[in-house]
J.: 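Okay, handing you the structure first.
Letters go in sequence order (proteins before strands), and every chain restarts at 1.
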Amino acid sequence: MHPAFSVIFLTTLIGAGQGLFLALYTVELYAALDLLPAPPQAFYTRGSLAALALLSLGLAASFFHLGHPERAWRAAARWRTSWLSREVIVLPALMATVAAYGLAHLLGLDWRLFGEALPLPGHVTLLVGGIGTALAFALYLCTGMIYACIRFLQEWHTPLTVINYTLLGVASGFTAATGLAALASPPHTAFLGRWAIILTLLGMATRVAALVRNARLKPKSTLQTAIGVRHSRIVQRSQGFMCGSFNTREFFHGASPAVYEGMRWAFLVLAFPLPALLLAVGLEGGGAVPLVAAFGVQYLGLLAERWFFFAQANHPQNLYYQTVG
Amino acid sequence: MTQLALVIDLNVCVGCHACVTSCKEWNTSGWAGPMADQNPYERDPTGTFFNRVQTFEVGAFPFTETVHFPKSCLHCEEPPCVPVCPTGASYKRAEDGIVLVDYDKCIGCKYCSWACPYGVRELDEHQKVMKKCTLCVDRIYDESLPEAERKPACVLACPTNARLFGDVHDPESEVSVAIRERGGYALMPEWGTKPANHYLPRRKTRIEVTEEELVRADNPLKKERKLPRPAFDEPSLDDVTSW
């Protein structure tokens with residue numbers, strides 16, 4: 001498939017935004033249970049603002065993918081059958097919830113919604129954050145399933161697609177939260193940083209598992225089934241036109257083998273071991289700079305990862321477009 | 001239930017592209033707006049087509065065969081492109097099974113084209129909506145046309161009658177009979193899309209003649225006669241008299 005930058009930015013930005021929000025809520029839950037000291041209000045408000053910014057940038061990027069962005073509202077119509085439609089509904093819902101979460105922290109709302117029965121601080125934010133957590137995971141599911149549900153794109157048609165979208169998003173969100181904590185709430189840096197390292201390494205394991213799986217794939221469709229002629233040697237002599245068409249532009253990545261392989265190694269280094277190393281250096285007394293840099297490096301790595309995710313998918317329609325002739 | 005479809009006879013298709021040009025001509029002047037081309041008279045011309053004719057070579061020289069292969073939307077009975085559409089612009093008509101795109105609802109997200117294994121959907125770069133074969137839905141029901149012309153433009157244009165059009169759910173229709181009696185098959189059956197369009201395979205007309213049919217090996221006159229027997233290629237009584 002041709003990697004579209006709009007979709008690369010959409011999926012990486014909202015993935016990090018969701019993960020950042022999940023990191024904020026994790027800290028709040030731990031703090032509510034007295035497992036961590038309560039962070040200052042600025043940690044939540046700045047964090048929510050950053051998460052909302054990432055989600056908004058992702059949403060903005062998605063519009064560049066559309067031929068008719070002014071009709072985008074129509075995309076909420078077919079949520080019963082289309083994962084894309086479900087994503088279109090869940091993303092704004094999550095953005096609204098993150099905004100409400102940040103606002104509740106900004107206003108310091110502490111209504112005791114659950115009465116005295118629940119002896120925890122911050123009932124409102126815990127409730128809103130809980131809803132947001134469910135939406136964030138639902139959004140990972142929607143984003144992953146958009147790709148995983150297309151059964152003849154065999155590289156994508158695996159539960160690993162959803163798992164990777166979730167783990168890589170959560171990992172980059174926790175890395176971002178570590179950088180944020182280094183600036184806004186240093187006592188929480190170690191907690192978030194360690195989780196960021198764990199999630200990054202876990203994401204590396206599942207992403208490598210997907211690479212290994214895809215390396216062993218055997219295409220189900222062949223030229224024989226594509227044109228229905230049973231012969232071991234069939235070659236295309238003409239695809240029916242001389243220059244390009246939508247079919248040759250949309251479904252081939254068009255990159256040289258060197259670029260393709262370079263992207264694979266770039267993301268395998270930039271998205272996983274290097275940010276984990278920077279996080280470790282930052283946690284071992286390296287200060288805020290390596291912690292903030294870790295997110296930047298990991299995000300670049302995830303851009304390469306997403307590019308490779310699209311480029312690696314081999315669409316069966318490509319069988320029909322092999323030779324200009 | 002009706003399921004309109006094309007049946008394409010690869011045995012007689014000569015790869016002339018008349019179906020391609022007539023399709024483009026009819027549909028670019030139709031009610032749904034032009035099928036625009038980019039750089040039509042310059043370098044790298046490109047544009048939207050509903051129908052393409054491709055050419056494949058089967059076998060190795062000297063035992064090769066050229067297969068011309070017209071490809072357009074197969075109007076699948078289980079179309080994978082329809083449920084993925086987020087807006088409902090892509091739909092399959094209940095009354096005749098034609099898969100269509102509502103150009104006023106399409107947002108141009110291209111997701112349906114990803115979900116089609118056959119690559120028959122093309123984004124119109126001018127109108128920015130997804131386009132595909134409509135089975136000439138604007139002419140097959142047009143009662144101002146003579147009944148014989150209420151067929152897709154490609155079917156009317158084909159000089160070898162390689163394209164048949166009709167209801168594949170009616171067991172007695174021309175297309176159903178052709179599929180049944182001439183080995184009609186569907187493309188990429190492995191995905192379970194159940195394409196309505198079918199293809200008729202290449203056929204060879206061969207006569208099997210065995211040695212025994214040429215020389216009557218069991219001719220009793222040659223077997224049982226006293227020696228010396230005539231050779232097999234010499235005339236025997238059997239060949240020269242009528243008894």
Side-chain angles (χ1 to χ4, degrees), chain A residues 1 4 65-72 74-88 146-147 149-153 220-221 223 225-229 231 233-251 313 315-321 323 325, chain B residues 10 15 17 20 39 43-49 52-60 65-67 69 71 80 82-89 104-111 113-125 127-130 185-191 199 201-202:
Chain A
M1 302 290 290
H65 189 66
L66 302 182
H68 282 277
E70 78 283 3
R71 298 178 188 167
R74 286 186 179 277
R78 282 292 185 270
W79 54 270
R80 283 188 188 84
T81 60
S82 172
W83 283 103
L84 179 53
S85 190
R86 288 168 200 164
E87 186 188 43
V88 165
I146 287 175
Y147 306 100
C149 77
I150 304 179
R151 59 188 184 276
F152 38 80
L153 279 164
K220 275 192 190 169
S221 286
L223 261 183
T225 68
I227 67 168
V229 175
H231 197 291
R233 187 185 178 278
I234 303 176
V235 279
Q236 188 172 48
R237 287 297 175 215
S238 162
Q239 61 187 9
F241 50 91
M242 299 297 284
C243 300
S245 77
F246 175 74
N247 305 80
T248 61
R249 290 188 292 268
E250 182 72 9
F251 298 96
H315 201 290
Q317 78 107 38
N318 292 2
L319 292 167
Y320 295 109
Y321 298 92
T323 315
Chain B
L10 298 184
H17 291 250
V20 179
N39 310 323
R43 264 177 74 97
D44 297 332
T46 183
T48 315
F49 287 78
R52 307 273 192 185
V53 175
Q54 306 187 319
T55 303
F56 294 87
E57 187 179 277
V58 178
E65 197 172 336
T66 304
V67 176
F69 181 81
K71 178 167 81 81
V82 167
V84 301
C85 176
T87 67
D104 294 328
K105 277 190 189 168
C106 176
I107 58 173
C109 71
K110 304 173 216 160
Y111 192 31
S113 72
W114 296 10
C116 169
Y118 307 102
V120 295
R121 288 172 166 256
E122 300 191 15
L123 188 87
D124 189 312
E125 298 290 349
Q127 248 176 305
K128 298 285 182 195
V129 294
M130 196 54 70
Y185 63 88
L187 303 183
M188 291 189 189
E190 61 271 23
W191 303 119
Y199 287 78
R202 301 295 294 265

J.: For chain B, find which of A/G240, A/A77, A/G244, A/A75 contributes the most heavy-atom pairs closer than 4.5 angstrom.
T.: A/A75
J.: So which part of B/Y185 gets closer than 4.5 Å to some heavy atom of chain A, the side chain, the backbone, both or neither?
T.: side chain
J.: Who among A/P69, A/S221, A/C149 has the most heavy-atom pairs with chain B under 4.5 Å?
T.: A/S221
J.: List for me each residue that meets side chain to side chain contact (heavy atoms under 4.5 Å, CB included) alongside A/R249, sequence neighbours excluded, and say none if there are none.
T.: A/F246, B/T46, B/E125
J.: Among the options B/G59, B/G88, B/A115, pick out the one with the most heavy-atom pairs lying under 4.5 Å from chain A.
T.: B/G59
J.: What's the spacing between B/I107 CD1 and A/L84 CG if we round to 0.5 Å?
T.: 6.5 Å
J.: With a 4.5 angstrom heavy-atom cut-off, could you sort out which part of A/A313 is near chain B: side chain, backbone, both or neither?
T.: neither
J.: Counting C-beta onward and ignoring hydrogens, is there a side-chain heavy-atom pair between B/W114 and A/I150 closer than 4.5 Å?
T.: yes
J.: For B/S113, is it the side chain, the backbone, both or neither that has a heavy atom under 4.5 Å from a heavy atom of chain A?
T.: both
J.: Heavy-atom cut-off 4.5 Å, strictly under: side chain, backbone, both or neither for B/C85 against chain A?
T.: backbone
J.: What part of B/V53 gets within 4.5 angstrom of chain A, counting heavy atoms only: side chain, backbone, both, or neither?
T.: backbone
J.: If we check side chain to side chain contact (heavy atoms under 4.5 Å, CB included) with B/F56, which of these qualifies: A/V235, A/V229, A/T323, A/I234?
T.: A/I234
J.: Measure from the side-chain N and O atoms of A/R78 to the backbone N and O of B/P83, and report whether any donor-acceptor pair falls under 3.5 Å.
T.: no
J.: Report the distance from atom CZ of A/R74 to atom NZ of B/K105, rounding to the nearest 0.5 Å.
T.: 6.0 Å
J.: Any idea which heavy atoms bring B/F69 and A/A226 closest together, and the distance?
T.: CZ-O, 3.7 Å
J.: Under the side chain to side chain contact (heavy atoms under 4.5 Å, CB included) criterion, do B/E122 and A/E250 qualify, and how do the steps go?
T.: CA-CA 9 Å; B/E122 300 191 15; A/E250 182 72 9; over 6 Å; no
J.: For A/H315, is it the side chain, the backbone, both or neither that has a heavy atom under 4.5 Å from a heavy atom of chain B?
T.: side chain
J.: Tell me, out of B/G47, B/A186, B/P45, B/P201, who's got the most heavy-atom pairs with chain A below 4.5 Å.
T.: B/P45
J.: Do A/V88 and B/P86 have side chains that get closer than 4.5 Å, going by heavy atoms?
T.: no
J.: Restricting to side chain to side chain contact (heavy atoms under 4.5 Å, CB included), what partner residues turn up for A/H68, sequence neighbours left out?
T.: A/E70, A/R71, B/K128, B/V129
J.: Answer with side chain, backbone, both or neither: which region of A/A72 has an atom nearer than 4.5 Å to a non-hydrogen atom of chain B?
T.: backbone
J.: Where do A/S82 and B/Y111 come nearest, in terms of heavy atoms and distance?
T.: OG-CE2, 4.4 Å
J.: With heavy-atom distances below 4.5 Å as the criterion, would you say the side chains of B/Q54 and A/I227 are in contact?
T.: no
J.: Taking A/R80, A/R151, A/R86, A/R233 one by one, which has the highest count of heavy-atom pairs under 4.5 Å against chain B?
T.: A/R233
J.: Below 4.5 Å from any heavy atom of chain A, which atoms of B/P117 appear? Answer side chain, backbone, both or neither.
T.: both
J.: What part of A/M1 gets closer than 4.5 Å to chain B, counting heavy atoms only: side chain, backbone, both or neither?
T.: side chain
J.: Working to the nearest 0.5 angstrom, can you tell me the gap between B/M188 CE and A/Y320 OH?
T.: 4.0 Å
J.: What distance do A/T225 atom OG1 and B/W191 atom CH2 have between them, rounded to the nearest 0.5 Å?
T.: 8.5 Å
J.: Under 4.5 Å from any heavy atom of chain A, what part of B/E190 do you find: side chain, backbone, both or neither?
T.: side chain
J.: Answer with side chain, backbone, both or neither: which region of A/I146 has an atom nearer than 4.5 Å to a non-hydrogen atom of chain B?
T.: both
J.: Write down the atom of A/H65, the atom of B/C109, and the distance for their closest heavy-atom approach.
T.: NE2-O, 3.1 Å
J.: Non-hydrogen atoms of chain A under 4.5 Å away: do they reach the side chain of B/R121, the backbone, both or neither?
T.: backbone
